[in-house]
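This report refers to the structure that appears directly beneath it.
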Amino acid sequence: MQSAQPLTTRHRQHQDQISQELRQLLESISHTKKMRKDTFLFQEGMDAHEIFILKSGLIQVEKLTADGKELTLRLCKANDMVGELTLFSDDAKYLLSARVISPGEVLVINREQLEEALIDNGKLTFEFMRWVSNHMRIFQSKIRDLLLNGKKGALYSTLIRLTNSYGIETSEGILIEMALTNQQLANFCATTRESVNRMLSELRKLDIVDVKKTGHIVVKDLQFLRDEIGCENCPIEVCNID
């Protein structure tokens, strides 16, 4: 594989969008828990008593569709928060499931404790709610891509988001440094592995992407993907996979 250089820091800015003051508050009212692969932090429909901040490992936030397909909505890594959309809700339940796909550690924060702490600090409450609002924009934009652009558009959108979150420049194009199986890509698009196989094959024939034996994808022509879905050039804080 060709040597690689990181993209500009613009594609990673969304990872550092909370202040040190808010981060310290969250850490002060939390405890650490180890995560084992293929377990769940929480599952859809459970009572939502806690939110989580990843210290290490990888979490897949997912939802089952009405026809039983698995739809992956986020890949969360170190410093990402999971379960935050349940805050300030009466009798809150988790709307999604959080599956551990790489073991690590997570900070566990009691939801009621956090609510009390935020009520006492209007500045941090505003910052936290703005952070939650941004996550809602990301969620809405992913659903929009799926509904308006169909399976092909969903795949193209997913590849664009992956380059923003995990892309590094190489002499061949933008290498997505996270290796994903075609089934995992299919889960982002609420489609089948066979459909993703076919669409990736078409993109390879057009020399738009290259798929390495390691499972890594190199996007050679990002503009083609953007043009095909009528990309609206959303800010990087919205157009990401996290």
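These values consider heavy atoms only, across backbone and side chains, with no hydrogens, waters or symmetry-generated copies.
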message: If we ignore hydrogens and angles and just use 3.5 Å, is the side chain of H216 paired with the main-chain N or O of E177 as donor and acceptor?
response: yes
field: Nearest atoms (heavy-atom pairs only) where D210 meets K212
entry: OD2-NZ, 3.2 Å
- request: Mind listing the closest non-hydrogen atom pair of R23 and N79 along with its distance?
  value: NH1-OD1, 3.6 Å
- request: Given side chain to side chain contact (heavy atoms under 4.5 Å, CB included), test L180 with I217 step by step and report yes or no.
  value: CA-CA 8 Å; L180 295 169; I217 296 175; over 6 Å; no
Pairs under 3.5 angstrom only: tabulate donor-acceptor contacts from the side chains of residues 31-44 to other protein residues two or more places apart or in another chain.
residue : atom : partner : partner atom : Å
K34     : NZ   : E105    : OE2          : 3.1
T39     : OG1  : R36     : O            : 2.5
E44     : OE2  : K63     : NZ           : 2.7

query: T192: what forms a side chain to side chain donor-acceptor pair (under 3.5 Å) with it, not counting sequence neighbours?
result: S195
task: Apply the test side chain to side chain contact (heavy atoms under 4.5 Å, CB included) to residues L185 and L200: give CA-CA distance (whole Å), side-chain angles for both, the deciding distance (0.1 Å), then the verdict.
output: CA-CA 10 Å; L185 284 173; L200 284 178; 4.0 Å; yes
Point-to-point distance, once rounded to the nearest 0.5 Å, from CG of L54 to CG of L58: 7.5 Å
query: Are K220 and I208 side-chain neighbours, meaning at least one heavy-atom pair lies under 4.5 Å?
result: no
statement: Residues A117 and L25: closest non-hydrogen pair is CB-CD1, 3.8 Å
- request: Before accepting this row, confirm whether a basic side-chain N of the pair E127/K123 lies closer than 4.0 Å to the acidic partner's carboxylate O.
  value: no
query: Taking all atoms of both residues into account, what is the closest heavy-atom pair of T191 and V196, and its distance?
result: CG2-CG2, 3.9 Å
field: Reference residue L75; test side-chain contact (heavy atoms from CB on, under 4.5 Å); the match among V61, I59, I101
entry: I101
task: Taking all non-hydrogen atoms of both residues into account, name the closest pair between L159 and L203 and its distance.
output: CD1-CD1, 4.1 Å
message: Restricting to side chain to side chain donor-acceptor pair (under 3.5 Å), what partner residues turn up for Q223, sequence neighbours left out?
response: D227
message: I'd like to know if Y166 and V211 are part of one continuous hydrophobic network [Ile/Leu/Val/Met/Phe/Trp/Tyr, side-chain heavy atoms within less than 4.5 Å].
response: yes
For S157, side-chain contact (heavy atoms from CB on, under 4.5 Å) partners two or more places apart: D145, R161, I229
- request: Enumerate the residue pairs fulfilling side-chain hydrogen bond (donor to acceptor under 3.5 Å, both in side chains) with a member in residues 196-206, sequence neighbours excluded, ordered by first and then second residue.
  value: N182-N197
- request: Dump the intermediate steps for side chain to side chain contact (heavy atoms under 4.5 Å, CB included) on R74 and D80, then the final yes or no.
  value: CA-CA 10 Å; R74 294 177 65 196; D80 284 342; 4.1 Å; yes
Lys/Arg-Asp/Glu bridge criterion (N-O < 4.0 Å) met for E228, K152: no
message: Can you give me the closest heavy-atom contact between S30 and L107, atom names plus distance?
response: OG-CD2, 3.6 Å
field: Steps toward side chain to side chain contact (heavy atoms under 4.5 Å, CB included) verdict (T125, I119)
entry: CA-CA 7 Å; T125 299; I119 288 172; 5.7 Å; no
field: M129-I29 co-clustered via ILVMFWY side chain contacts under 4.5 Å
entry: yes
message: Under the rule for side-chain contact (heavy atoms from CB on, under 4.5 Å), what residues qualify as partners of E70, not counting sequence neighbours?
response: Q60, E62, L64, T72, R99, N187
